[in-house]
Amino acid sequence: MAQEDRFKKIIAHAKEYGFVFPSSEIYDGLSAVYDYGQNGVEMKNNIRAYWWDAMVNLNENIVGIDSAIFMHPEIWKASGHVDAFNDPLIDNKDSKKRYRADQLIEDYLDKLQGKINKEAEKASKKFGESFDREKFLGTNPRVLANRDKIDRIHGRFVKALKMDDLVELRQIIIDCEIADPESGSRNWTDVRQFNLMFDTRLGSVNESASKIYLRPETAQGIFVNFLNVQKSGRMKIPFGIAQTGKAFRNEIVARQFIMRMREFEQMEMQYFVRPGKELEWFEFWKDKRMKWHQSLGLGKEKYRFHDHDKLAHYANAATDIEFEFPIGFKEVEGIHSRTDFDLSQHQKFSGKKMQYFDNDLNESYVPYVVETSIGLDRMFLTVLAGSYEEEKLEKEGADEERVVMRIPAFLAPVKVAVLPLVKKDGLPDTARKIMDELKLDFNCQYEEKDSIGRRYRRQDAIGTPYCITIDHQTPKDETVTIRYRDTMEQERIPVKQLRDFVQEKVSPKKQLSMLG
RNA sequence: GCGGGAAUAGCUCAGUCGGUAGAGCAUCAGCUUCCCAAGCUGAGGGUCGGGGGUUCGAAUCCCCUUUCCCGCUCCA
């Protein structure tokens with residue numbers, strides 16, 4: 001409970017200090033859509049840049065692209081999204097539980113098959129070694145009745161799925177007297193289709209305009225450009241293509257702040273490898289990506305792998321990197337061994353050869369793919385949640401508290417605050433000069449209003465790692481104090497050294513060099 | 001989408017039995033000059049989430065609706 005409160009506080013803090021706002025708020029908001037504010041956009045850009053540096057710049061064999069959100073509609077048939085993102089759903093009116101209609105029918109068919117197997121089992125025990133399983137299955141009246149039933153239902157089921165016949169799907173459920181597995185109730189609503197892909201029209205608004213989708217993932221933009229990049233970049237396997245960009249999913253339920261949004265940003269890299277080598281590379285990227293996360297310094301114990309037991313049809317290995325949010329461990333990044341599924345599908349649907357000629361093997365093949373796919377918005381939330389701290393301060397008298405965002409300096413939205421100690425004696429002028437110097441290199445804020453202590457706290461709240469204070473000593477010896485966000489300690493340094501000093505502290509170079 | 005709860009100033013909240021909306025903090029201007037937030041003076045800011053109804057009169061009662069939170073469900 002306390003943890004949930006903490007999550008709420010982080011959301012409130014994000015809004016109050018210009019990180020994340022609900023979309024269209026003055027019109028009552030728009031469900032599961034959020035806007036990034038003045039501080040949020042800086043931090044988001046910094047996270048994206050850190051990922052790009054680590055993937056594209058640090059790896060000579062990885063290049064980036066930026067593909068369009070609109071793509072040829074056939075792509076989503078090839079990828080399986082047109083089928084897989086169309087779930088027929090049905091609700092039980094009594095228990096208020098929701099199920100996938102196709103799942104209910106499949107479970108029912110499985111149960112019938114189970115009955116047949118049991119029947120055979122029983123007979124086998126009874127007749128011992130003289131038992132002829134095939135003959136039994138072909139003659140026993142109970143088995144025959146069930147097999148006949150399975151055939152009939154299965155036939156209707158397949159046809160209904162093919163025709164998208166929702167009424168027939170419901171009729172099958174009624175005819176088979178399928179009950180809610182939990183409550184036993186057979187009081188069902190109509191079957192409804194939820195397509196998780198947004199669609200719109202390309203071209204003029206008329207009958208001939210074609211329906212196109214807003215991409216539900218960025219990965220396909222990479223697959224369809226595989227040949228373009230490989231040839232124009234003279235890439236040799238293994239190599240990777242990286243991309244960041246928006247994707248859209250019309251989630252039935254989207255909740256938990258920016259954890260699941262209808263419009264979100266992905267950072268993906270598809271790594272093309274020799275068939276048979278994919279599981280080695282899968283392990284390689286698991287390790288690399290985990291190191292990237294841990295390089296942020298938010299606490300190694302807050303990360304874990306969660307291997308998938310149930311694999312998607314295209315994958316032969318999959319794992320999630322999870323981060324411990326106040327509401328529990330949640331997926332931040334997925335690493336999948338996608339086999340040659342995607343390229344093969346595009347080869348099939350487009351009729352173009354999606355192959356690579358490997359000189360070392362002297363043969364051509366459809367490459368296998370290992371994917372690293374990370375949600376930028378979730379990453380953003382990771383940094384927020386991992387940085388937010390209500391710190392108890394010891395002070396004479398009452399207990400004091402400060403809210404401080406311990407954001408890694410290279411991700412912080414504002415790097416430096418320039419603060420004249422008081423608003424007189426020419427200190428603001430001196431501060432302005434320093435500000436003008438520094439703002440060419442860093443995102444800086446100048447503040448002269450309110451007491452110095454209050455200004456420090458305001459900077460703590462947005463995670464500014466360094467505050468530079470111009471005091472009465474500055475005009476005398478050209479030095480200022482620099483105050484550290486995390487320790488609240490101060491140091492005095494010459495104005496001349498400021499730029500280099502800050503530069504070294506807010507650059508991601510040190511972290512990146514450890515990843516390289 | 002279903003069930004439950006919530007919505008009053010930027011934030012936290014008060015508002016009695018239905019009688020024209022209040023506090024603290026924050027914001028802005030001026031004063032004060034101080035190294036870890038809440039000194040002084042003044043000002044701005046709300047059609048009480050939106051729409052409809054009952055009533056002489058609605059923040060308050062009724063209906064609808066939107067958004068958020070919790071649970072269910074879903075999650076390439």
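Lettering follows sequence order; numbering is per chain, from 1. Values reported hereafter were calculated over all heavy atoms of this structure, with side chains retained and with hydrogens, waters and symmetry mates removed.
The base of B:rC11 lies outside donor-acceptor range of the side chain of A:Glu16, with no N or O pair under 3.5 Å. For A:Arg402 and B:rC36, a side-chain-to-base donor-acceptor distance below 3.5 Å is absent, hydrogens and geometry of angles not being considered.
Taking atom CG of residue A:Asp450 and atom P of nucleotide B:rC28, one finds them 8 Å apart after rounding to whole Å.
If you check every strand for non-hydrogen atoms under 4.0 Å, A:Asp471 touches a base. Looking at heavy-atom distances under 4.0 Å, A:Ser373 makes no contact with the nucleic acid at all. Backbone-only contact: A:Arg458 has heavy atoms under 4.0 Å from sugar-phosphate atoms and none from a base. Contact annotation for A:Lys15: backbone-only contact, meaning every heavy-atom pair under 4.0 Å involves sugar-phosphate atoms and none involves a base.
Relative to the six-membered ring of A:Phe264, A:Arg249 misses at least one condition, a distance below 6.0 Å or an angle of at most 45° to the axis. Geometrically, A:Arg289 engages A:Trp292 in a cation-pi contact, judged by NZ or CZ lying under 6.0 Å from the ring centre and within 45° of the ring axis.
In this structure, the nucleotide among B:rC34, B:rC36, B:rC35 sitting nearest to the side chain of A:His472 is B:rC34.
Under 3.5 Å, the side chains of A:Gln266 and A:Glu217 contain no donor-acceptor pair of N or O atoms. Side-chain N/O atoms of A:Gln243 and A:Ser67 include a donor and acceptor closer than 3.5 Å. One side chain, A:Tyr456 or A:Thr469, offers a donor N or O that lies under 3.5 Å from an acceptor on the other.
The NZ atom of A:Lys286 lies 9.0 Å from the CD1 atom of A:Ile321; values are rounded to the nearest 0.5 Å.
With a 3.5 Å ceiling on both atom-pair distances, the Watson-Crick or G-U wobble partner of B:rG1 is B:rC72. Base-pair partner of B:rG30: B:rC40 (Watson-Crick or G-U wobble, both distances under 3.5 Å). Of the nucleotides present, B:rG19 is the one that pairs with B:rC56 by Watson-Crick or G-U wobble criteria, both distances under 3.5 Å. Shown here, B:rA9 forms no base pair; nothing in the strands shown gives a Watson-Crick or G-U wobble contact with both key distances under 3.5 Å. Remark: B:rU47 base-pairs with no nucleotide; criterion is Watson-Crick or G-U wobble with both hydrogen-bond distances under 3.5 Å.
Proximity of A:Arg457 to the phosphate of B:rA37: a side-chain N or O atom is located under 4.0 Å from OP1 or OP2. Contact annotation: A:Arg455 does not reach the phosphate of B:rC35 (side-chain N/O to OP1 or OP2, under 4.0 Å).
Across the C1' atoms, B:rA38 and B:rC11 are found 14 Å apart, a figure rounded to whole Å. To the nearest whole angstrom, the two P atoms, one in B:rA7 and one in B:rG44, are 29 Å apart. Rounded to the nearest Å, the gap between the P atom of B:rU73 and that of B:rC17 is 42 Å. Rounded to the nearest Å, the gap between the C1' atom of B:rG3 and that of B:rU8 is 27 Å. Spacing of C1' atoms, B:rC68 relative to B:rG50, comes out at 15 Å, to the nearest Å. Here the separation of B:rG46 from B:rU20, taken at their C1' atoms, is 14 Å to the nearest Å. Separating the C1' atom of B:rC61 from that of B:rU16 is a span of 16 Å, rounded to the nearest Å. The gap from the C1' atom of B:rC72 to that of B:rA26 amounts to 40 Å, rounded to the nearest Å.
Each of A:Phe341 and A:Gln490 lies near RNA chain B, and the nucleotide nearest A:Gln490 is the one positioned closer to the 5' end.
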